[in-house]
Amino acid sequence: MRTAIRKKVLVFRELPPDQLARLQAQHDVTLANPRLPEQLPAFEAALATAEGMIGSSYPIGEALLARAPQLRVISSVSVGVDNYALDALAARGIVLCHTPGVLTETTADTIFSLIMATSRRLVELASHVREGRWSRNIGEDLFGWDVHGKTLGILGFGRIGQAVARRAALGFGMPVLYHSRRPVDLATASPELVGKATHTPLDELLQRADIVAAVLPLSDETRGLMGERAFGLMKPGAIFINGARGAIVQETALLRALDHGTLRAAGLDVFATEPLPLDSPLRSHPKVTALPHIGSATVETRHAMAVLATSNLLQALAGERPAAVFDAAAM
Ligand code: NAP
């Protein structure tokens with residue numbers, strides 16, 4: 001019987017014990033999280049021999065890749081791949097895997113939670129109760145804004161965008177407008193949305209939607225997409241939700257739209273710098289509901305992501321085609 005050759009694997013973010021055990025059964029694994037200063041030297045040392053890497057939320061740029069001459073595969077425990085130097089990976093023939101699909105519904109739940117929280121002022125009003133400020137019936141100054149029936153504009157209409165649209169259109173009777181470079185064939189992709197979601201140019205979407213939710217990948221084209229001009233086009237009293245990546249928003253422009261423009265509120269799961277710096281005005285802004293990047297953060301979904309990412313890595317190291325290779329043509 002042929003014995004599989006053990007390869008060097010670098011795990012750069014915690015994995016659940018069962019998935020770590022799957023890797024350790026077949027390969028020589030180094031666990032080193034470069035975000036922890038005490039583990040950075042071990043991470044750097046392991047790069048020199050690593051043939052496979054698995055993790056997320058750490059920038060893997062060209063200079064880092066140059067210190068990993070044996071690398072053949074990176075398995076990202078995320079669907080977004082904005083942390084990786086895609087051109088350098090392609091030039092070296094390094095396979096990049098990710099975790100599409102398994103986090104779609106959970107991330108759509110998070111985005112819809114932000115829609116509900118901002119419209120109905122849930123966090124703000126819950127704090128009234130918690131802090132003992134509920135002394136009489138609330139007045140009009142604290143009333144919320146209906147979600148059902150409002151027009152939802154979705155930036156990015158892939159897996160997650162369509163899952164948000166299903167919640168909005170089928171559950172809340174919301175007309176949906178969406179922006180993407182190509183129209184989606186709804187009859188094939190999401191038959192429930194036929195007649196309920198309309199491909200709309202970006203400017204028109206911004207002008208017509210009551211709530212705008214971003215869920216598109218961060219790329220050269222989408223970096224800074226939501227700036228002064230885009231916020232200026234939004235309807236007076238509209239709400240902005242970011243469930244994509246922080247850098248698609250120019251945060252100073254968002255703050256200006258909240259403070260001096262007519263934006264009603266913003267619900268943000270992601271930020272240009274994460275964790276959000278303590279001195280960021282977005283942290284405690286009265287019109288902002290801020291979450292610590294929890295789009296996919298449920299017990300079930302984070303485990304499913306780890307399973308898929310581990311399978312991807314094992315398949316690639318075995319010379320098989322992994323289940324979820326990132327398709328660079330999608331960017
Ligand atoms: P997906 O299925 O690949 O969908 C991406 C959508 O964005 C497609 O409709 C695509 O359509 C559109 N798009 C791409 N580039 C565009 C551009 N330049 N202008 C306009 N539209 C563009 O991806 P997904 O699984 O839905 O995930 C989307 C993103 O959500 C991820 O990349 C990730 O950054 C983010 N995300 C965040 C969290 C979180 O924790 N908050 C969790 C998961 C994912 P066209 O190609 O036709 O333009």
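Just so you know, residue 1 is the first one in the sequence shown, and it goes up from there. Treat the numbers as computed from the prediction; the structure is a model and nothing was measured. First listed ligand is number 1; within each ligand, the first listed atom is number 1.
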Check your understanding: Please walk me through it: do E105 and R166 pass salt bridge (charged side-chain N to carboxylate O under 4.0 Å, His left out)?
Key -> CA-CA 10 Å; E105 298 299 331; R166 285 193 288 274; 3.3 Å; yes

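Separation of the F43 and Y58 ring centroids falls under the 6.0 Å cut-off.
Separating the CZ atom in F240 from the CE atom in M234 is a distance of 7.0 Å, to the nearest 0.5 Å.
Taking only non-hydrogen atoms, the option from P217, A247, G158 nearest to atom 7 (O) of ligand 1 is P217.
The side chain of T222, and not its backbone, has at least one atom closer than 4.0 Å to an atom of ligand 1 (non-hydrogen atoms only; side chain from C-beta on). Contact annotation for S180 and ligand 1: heavy atoms of both the backbone and the side chain come within less than 4.0 Å of the ligand. Proximity of R159 to ligand 1, defined as any heavy-atom pair under 4.0 Å, is shared by backbone and side chain alike. Using a 4.0 Å cut-off between heavy atoms, I160 contacts ligand 1 through both its backbone and its side chain. Under 4.0 Å from ligand 1, the heavy atoms of R245 that appear belong solely to its side chain.
Between the side chain of R283 and the main chain of D279, no donor-acceptor pair closer than 3.5 Å is present.
Remark: ligand 1 atoms within the under-4.0 Å shell around heavy atoms of D269 are 39 (C), 40 (O), 41 (N). In summary, the atoms of ligand 1 found under 4.0 Å from a heavy atom of T107, numbered by their order in the structure, are 38 (C), 42 (C), 43 (C).
Counting non-hydrogen atoms of neighbouring residues, nucleotides and ligands closer than 6.0 angstrom, the NZ atom of K287 exceeds 12 such neighbours.
In this structure, the protein non-hydrogen atom closest to atom 37 (C) of ligand 1 is G243 O, 3.1 Å.
By the 30° and 60° cut-offs, the orientation of the rings of H199 relative to Y178 is tilted.
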